[in-house]
Amino acid sequence: MALKQGSISIDTENIFPIIKKWLYSDKDIFIRELISNGCDAVSKHKRLVSLGETAGDDKPYKITVAVSKKNKTLSFSDNGIGMTADEIDKYINQVAFSGAEDFFNKYKDKMEESNDIIGHFGLGFYSAFMVSSNVEIDTLSFAPGAKPIRWQSADGMQFEITEDGTRTERGTTITLTLAEDSEEFLDEYHLRSIIKKYCSFLPVEIYVENTDKLEEEAKKKAKEAAKKAEQGADSETSEEPKEEIKPVPLNDTNPLWLKSPKDCTDEEYIKFYQQVFNVFDEPLFWIHLNVDYPFNLKGILYFPKLKNEFELVEGKVKLYNNQVFVADNIKEVIPEFLLLLKGVIDCPDLPLNVSRSFLQNDRDVSKISKHIVKKVADKLKSLCKNEREKYESFWDDIQVFIKYGCLKDESFYDKIKEYILYKDLDGKYITLKDYLEYARDKHENKVFYVVDKEQQSQYIKLFKEYDLNAVILDCTIDNNFITFLEYKESGVRFKRIDSDLSDVLKDKDEEKDEKADEEIINFFKEKIGDRVQKYSVESLKKEDTPAVILISEESRRMMEMQSRFAGLDYGFDLKEEKTLVINDRNPLVKKVLSLKDDEDKKEDVDVICNQIVDLALLANKELGADELDSFIKRSNELMSRVISL
Ligand SMILES: Nc1ncnc2c1ncn2[C@@H]1O[C@H](COP(=O)(O)OP(=O)(O)OP(=O)(O)O)[C@@H](O)[C@H]1O
């Protein structure tokens, strides 16, 4: 006989189409909801036992998800607290349904932007109706003398409670008969993968059973037993009894992030990383977050080893709420640049059943996010200070992440600027402060940098001859990072190694004969025309280099910007401003200068001057197509002349 019949109070004509639509992309969350309810029921029972309010037993707590394709059912059983008829009335008929009503009221205007809701908590038990044509609850409360109760509803609107439940042991079984459009959940493999996605770290062991297979096996066994019985007792002893395979839970009930960092070994951290992210590589290092106050936050952030700069995009930070998976990469909680890392964050305090825009404006959420940034900065600082060698060995892998972080969050830069390393020409790692200290007397506040060691090798050589140093900034992100540093570190200017070197190359002790220099410049100008925009004469230490090309930092940056944002129009024609630095110590330069009035040698002098410029340009980068053409022609001509062809 029915104890109670009734219908729920929500305006059901509206609620179903709307909730269904919202769930369309995320239908599988009902599994998470029903398993977490089982988990909660177990926790409640555990608590009552620990308070001495009820007696415990030695049966392990567990949740079993049973699937039957034959019956089109999915059932979720737990041995938690169970429910009495009154409790079902209160918690299911009123709470769960009113939960759905609340949910509906909260989100009815937002259903169009369904992705705007994260977490999806709050729909709970009711979500079962999104995939079912019938839902049954079989439950037996832990309370002494409780009767097994059965609750049933086909549509989430009309329900019936009766006292003909089938449970003989404490706990609850929720059985869903799946609707036609949701039969994909009857696939055991699919079911397991969803449970793994959401429930891999729930605190109660979860098992999956295939009822059809179990029934078949039981039938087989029964048949075999009957056969054996027929054959008599003799044959029974001849066969070894088969060892039962112990079922294994799908989840890890005690994830590493919940342990105290001091109890975790490196091996455990690495194993956890490999298991959670399904990878074989080892992370560079990790940060174990463990905060109790002013909010609760636990987690592990891993710095993965990069194979290339662009792989960064693949980072993944999984967000959990009390060990239940919520979503990947929620940038409202975890600062965007940290999403390049891999990791897990468990934050039970987060109001996850709210919209993203709410999260963005929530002060607690921004506190959490700031705290994570601080922890990351602290870790980098401690590594740099206490394990410098290790830190340097990671640097090439983590620098892009750190620089990206600085660009995204200035406060992060302020925290870690002293721990940003720069590789110098000798491959030594130094800080910007170290470099500026060294540069003080030679080229104050100017930081020379190399973007391509191969291509700029001539300049590197030149630098070394002059006992100068530069830093290697060869990542794609360095372009933006340099501009950022110039903005943050006022007065500091970055100059590429092939740019305005004239100042630093000048021999300060040497008197300059300006008139002589002007003569040399005019001579070259006449020979090579407008192939370069500026000229200067220096006495380079190394005699055998006739000339060097320098490119103005500003004009080069403008050109780069234009090519990056193709179509950017400055309203005038951009050209790299090149300076030809002529070495007046070079014998060839001296020779051509001495022949400047010799009419017979005029042609040779022309050829050599242009050859000098080409070689200087070649040492900087490739020649343009026409320039290369004339260079080859001229070189051939020179060879013919040398052997007087
Ligand atoms: N397996 C279960 N065992 C015992 N009680 C249960 C079980 N499932 C649900 N309940 C009861 O029904 C109530 C309503 O469940 P429902 O999932 O709708 O909401 P909730 O779990 O309270 O919150 P949430 O919306 O975050 O899931 C629960 O609070 C609990 O008291």
Side-chain angles (χ1 to χ4, degrees), residues 8-10 15 19 22-23 26 28-49 54 61-66 74-107 117-132 135-143 146 148-153 156 159 161 165-167 169-176 198-199 202-206 320-327 347-354:
I8 61 163
S9 57
I10 312 169
I15 193 165
I19 295 183
W22 167 68
L23 272 179
D26 241 347
D28 51 13
I29 59 124
F30 77 94
I31 293 177
R32 177 188 69 189
E33 295 297 325
L34 296 179
I35 293 181
S36 350
N37 278 352
C39 232
D40 291 345
V42 164
S43 308
K44 283 177 191 161
H45 190 260
K46 267 190 197 166
R47 207 171 314 130
L48 290 179
V49 172
T54 186
Y61 288 110
K62 65 172 185 170
I63 291 167
T64 306
V65 182
L74 257 189
S75 74
F76 300 80
S77 303
D78 63 69
N79 50 0
I81 195 170
M83 284 181 275
T84 61
D86 283 349
E87 282 164 346
I88 288 207
D89 195 31
K90 189 168 159 200
Y91 298 132
I92 299 296
N93 298 345
Q94 291 164 32
V95 174
F97 282 13
S98 68
E101 191 175 10
D102 278 355
F103 183 89
F104 168 71
N105 289 332
K106 237 189 231 169
Y107 296 123
I117 301 160
I118 63 160
H120 317 312
F121 286 73
L123 203 56
F125 171 77
Y126 203 83
S127 62
F129 289 101
M130 304 307 134
V131 292
S132 313
V135 179
E136 275 182 40
I137 304 176
D138 255 308
T139 181
L140 177 61
S141 164
F142 78 101
I149 302 295
R150 187 174 159 275
W151 177 99
Q152 180 270 332
S153 175
F159 61 84
I161 308 176
T166 52
R167 279 205 70 125
E169 291 189 337
R170 182 198 75 234
T172 303
T173 300
I174 294 177
T175 306
L176 318 184
Y198 291 110
C199 307
L202 250 60
V204 182
E205 290 189 351
I206 304 165
Y320 292 81
N321 182 315
N322 264 329
Q323 296 171 247
V324 185
F325 174 72
V326 179
C347 197
D349 296 341
L350 277 183
L352 289 172
N353 53 347
V354 292

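Remember, it's 1-based here, ligands and their atoms both numbered in the order they're listed. Values reported hereafter were calculated over all heavy atoms of this structure, with side chains retained and with hydrogens, waters and symmetry mates removed.
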So, using salt bridge (Lys or Arg N to Asp or Glu O under 4.0 Å) as the criterion, who are the partners of Glu205 when residues are at least two apart? none
Can you name the residues that form a salt bridge (Lys or Arg N to Asp or Glu O under 4.0 Å) with Arg167, not counting sequence neighbours?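 Arg167 satisfies salt bridge (Lys or Arg N to Asp or Glu O under 4.0 Å) with no other residue.
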Asn37, any N or O under 3.5 Å of ligand 1 N or O: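 Yes; at least one N/O pair falls below 3.5 Å.
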Is the shortest N/O to N/O distance between Ala41 and ligand 1 below 3.5 Å? no
Short list, please: which atoms of ligand 1 are under 4.0 Å from a heavy atom of [X]?
X	result
Ile92	12 (O)
Asp78	1 (N), 2 (C)
Glu33	27 (O)

Between Phe76 and Leu176, is any pair of side-chain heavy atoms under 4.5 Å apart? yes
Beyond-backbone contact of Tyr61 with Lys46, side-chain heavy atoms, under 4.5 angstrom: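 The answer is yes; the side chains approach within 4.5 Å.
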Whether the side chain of Arg170 engages the backbone of Phe142 through a donor-acceptor N/O pair (distance < 3.5 Å, no angle test) should be reported.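 It does not hold such a pair.
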For Glu87, which part has a heavy atom under 4.0 Å from ligand 1: side chain, backbone, both, or neither?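 The answer is neither.
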Going by heavy atoms, is Lys44 under 4.0 Å from ligand 1? yes
Among Asp138, Ile174, Ile137, find the one that has a side chain to side chain contact (heavy atoms under 4.5 Å, CB included) with Trp151.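 Running side chain to side chain contact (heavy atoms under 4.5 Å, CB included) over Asp138, Ile174, Ile137 with Trp151 returns exactly one hit, Ile137.
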